[in-house]
Colleague: 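Take this structure, written in structure tokens, and hold onto it; I'll ask about it next.
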Amino acid sequence: MTKLTPRQKNWLEGTGAHIGTASKNGNPTVIVVDKATVINESTVKFILSAKQVQLVEKNISENPRASLGPGGIGSIRAAYQFKGKASIVGNELFVEVNEIYSTKPGPEAGLRLDNLDYNDVLKFESSRWADDGPPR
Amino acid sequence: MKLNQAMKDALKIVGKGGVVVHLTTSSLDGNTNTVGERFITVFKDEFILIADMFAQKTRVNLNENQIGVITLAHPVNGRTWSFKGPATILQEGLPDDYEFEGLKAVEALKEWGNWAEKEPPSEVPPDIRPPVLVQRGVIALKVNEITDYSSEHAGNIINTEI
């Protein structure tokens with residue numbers, strides 16, 4: 001089971017994400033939510049507006065997959081992409097993350113992190129970034 | 001559709017760390033990919049070009065499903081804009097007369113095929129810039145639809161040609 005690191009959790013919670021969804025035929029729709037809550041080791045919850053629900057509920061009902069790129073300054077400092085299974089309950093969007101990639105530009109762009117040993121991911125992060133989340 | 005001046009300015013900041021967008025593409029069966037991109041420019045008013053620095057999953061998606069969404073990620077400052085349209089990767093070696101949605105590949109690559117030479121990323125902090133800017137071509141998106149992504153107005157069409 002995928003386990004988000006403290007750094008990943010802090011960035012997702014602090015800056016939210018650009019959330020990619022698509023129809024079953026691959027027509028993409030993106031919504032942006034500027035905050036999130038990580039509710040267990042791998043699940044991220046976003047509170048959506050009514051208009052955001054309208055935009056993505058059909059996509060998610062026919063194709064429950066989503067990709068997440070951290071928003072705001074997280075798009076620079078938190079070079080990750082998270083992918084997972086999406087579901088909507090009322091105005092809450094849940095994404096159960098099952099793939100995590102580094103998107104840090106350069107030779108490690110696209111490196112998959114979630115299938116590494118968890119302690120190796122922590123070492124990877126601490127050797128490449130000085131922060132553990134957005135500025136507080 | 002043509003981007004207005006405010007949009008061109010928002011997508012093009014030289015120095016001060018530049019602009020970051022997220023580019024979302026999808027496989028034909030709906031597996032999306034959302035990745036931050038930093039080397040961006042507006043070309044001929046209605047195309048957005050991004051340096052292709054070996055974006056593997058983006059390439060796989062665009063090879064089978066030529067559509068993309070670009071969302072402004074930083075700095076935003078209220079400019080909650082989403083740009084959607086047909087997208088592809090233009091690369092050296094294409095036929096001389098190759099066009100994508102009216103965009104001549106040779107023109108785009110002549111101007112933006114060597115980003116490091118045209119706009120060296122020296123102002124980008126070393127811990128977030130690539131160690132070497134190795135470019136394979138340009139990702140080109142023709143803007144057919146501009147929408148607002150703010151929570152209150154999500155999905156509202158923005159018309160730049162009134």
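All chains are named by letter (A, B, ...) in the order of the sequence lines, taking the proteins before the strands, and each is independently numbered beginning at 1.
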Colleague: Within a 6.0 Å radius of atom NZ on A:Lys58, are there more than 12 heavy atoms belonging to other residues, nucleotides or ligands?
Modeller: no
Colleague: Would you say that more than 12 heavy atoms from the other residues, nucleotides or ligands in this model lie under 6.0 Å from the CD of B:Glu117, or not?
Modeller: no
Colleague: Determine whether B:Glu152 and A:Ser49 make a side-chain contact, defined as any pair of heavy atoms from C-beta on separated by less than 4.5 Å.
Modeller: no
Colleague: When rounded to the nearest 0.5 angstrom, what is the spacing between OG1 in B:Thr71 and CD1 in A:Ile31?
Modeller: 11.0 Å
Colleague: Out of the candidates B:Asn31, B:Thr32, B:Thr34, only one should pair with A:Lys83 under the side chain to side chain contact (heavy atoms under 4.5 Å, CB included) rule; please name it.
Modeller: B:Asn31
Colleague: Got a second to check how far A:Thr29's OG1 is from B:Tyr149's OH, nearest 0.5 Å?
Modeller: 15.5 Å
Colleague: Is there a continuous path of hydrophobic side-chain contacts, each under 4.5 Å between heavy atoms, that joins B:Val106 to B:Trp112?
Modeller: no
Colleague: A:Asn27 and side chain to side chain contact (heavy atoms under 4.5 Å, CB included): which partner among B:Val69, B:Ile67, B:Asn65?
Modeller: B:Ile67
Colleague: At their closest point, which heavy atom of A:Ser75 faces which heavy atom of B:His74, and how far apart are they?
Modeller: OG-CB, 3.8 Å
Colleague: Over all heavy atoms of both residues, which pair between A:Gln52 and B:Ser151 is shortest? Give the atoms and the distance, please.
Modeller: NE2-CA, 3.6 Å
Colleague: Would you check if A:His18 and B:Val35 make a side-chain contact, meaning some heavy-atom pair closer than 4.5 Å?
Modeller: no
Colleague: Under 6.0 Å from the ring centre and within 45 degrees of the ring axis: does the NZ or CZ of B:Lys57 meet both conditions for the six-membered ring of A:Tyr101?
Modeller: yes
Colleague: Which residue out of A:Lys24, A:Glu62, A:Glu108 racks up the most heavy-atom pairs below 4.5 Å with chain B?
Modeller: A:Lys24
Colleague: Between chain B and each of A:Gly71, A:Gly72, A:Gly110, A:Ala22, count heavy-atom pairs under 4.5 Å; write down the option with the most.
Modeller: A:Gly72
Colleague: Which heavy atom of B:Lys84 sits nearest to which heavy atom of A:Pro28, and what is that distance?
Modeller: NZ-O, 2.8 Å
Colleague: Just wondering, more than 12 heavy atoms not from B:Lys8 lying within 6.0 Å of its NZ?
Modeller: yes
Colleague: Counting only heavy atoms closer than 4.5 Å, note whether A:Thr21 contacts chain B via side chain, backbone, both or neither.
Modeller: backbone
Colleague: Can you get from B:Ile139 to B:Phe83 by hopping between Ile, Leu, Val, Met, Phe, Trp and Tyr side chains that sit under 4.5 Å apart?
Modeller: yes
Colleague: If you tally heavy-atom pairs under 4.5 Å against chain B, which of A:Ala109, A:Ala50, A:Gly26 wins?
Modeller: A:Gly26
Colleague: With a 4.5 Å cut-off on side-chain heavy atoms, are B:Asn33 and A:Gln81 touching?
Modeller: yes
Colleague: At a heavy-atom distance under 4.5 Å, which candidate from B:Thr147, B:Thr80, B:Val76, B:Leu28 has the highest pair count against chain A?
Modeller: B:Leu28
Colleague: Taking the side chain as C-beta and beyond, is there a heavy-atom pair between B:Asn156 and A:Lys51 under 4.5 Å?
Modeller: yes
Colleague: Is there a path of hydrophobic side-chain contacts, each under 4.5 Å between heavy atoms of I/L/V/M/F/W/Y residues, joining A:Tyr118 to A:Leu113?
Modeller: no
Colleague: When hydrophobic residues are tied together by side-chain contacts of less than 4.5 Å, even through go-betweens, does B:Val60 share a cluster with B:Leu62?
Modeller: no
Colleague: Looking only at heavy atoms and a cut-off of under 4.5 Å, which of B:Ala73, B:Ala55, B:Gly36 has the most pairs with chain A?
Modeller: B:Ala73
Colleague: Can you establish whether the number of heavy atoms outside A:Asp120 located under 6.0 Å from its atom CG is more than 12?
Modeller: yes
Colleague: According to a 4.5 Å side-chain heavy-atom criterion applied to Ile, Leu, Val, Met, Phe, Trp and Tyr, with indirect links allowed, do A:Trp11 and A:Leu93 form part of one hydrophobic cluster?
Modeller: no
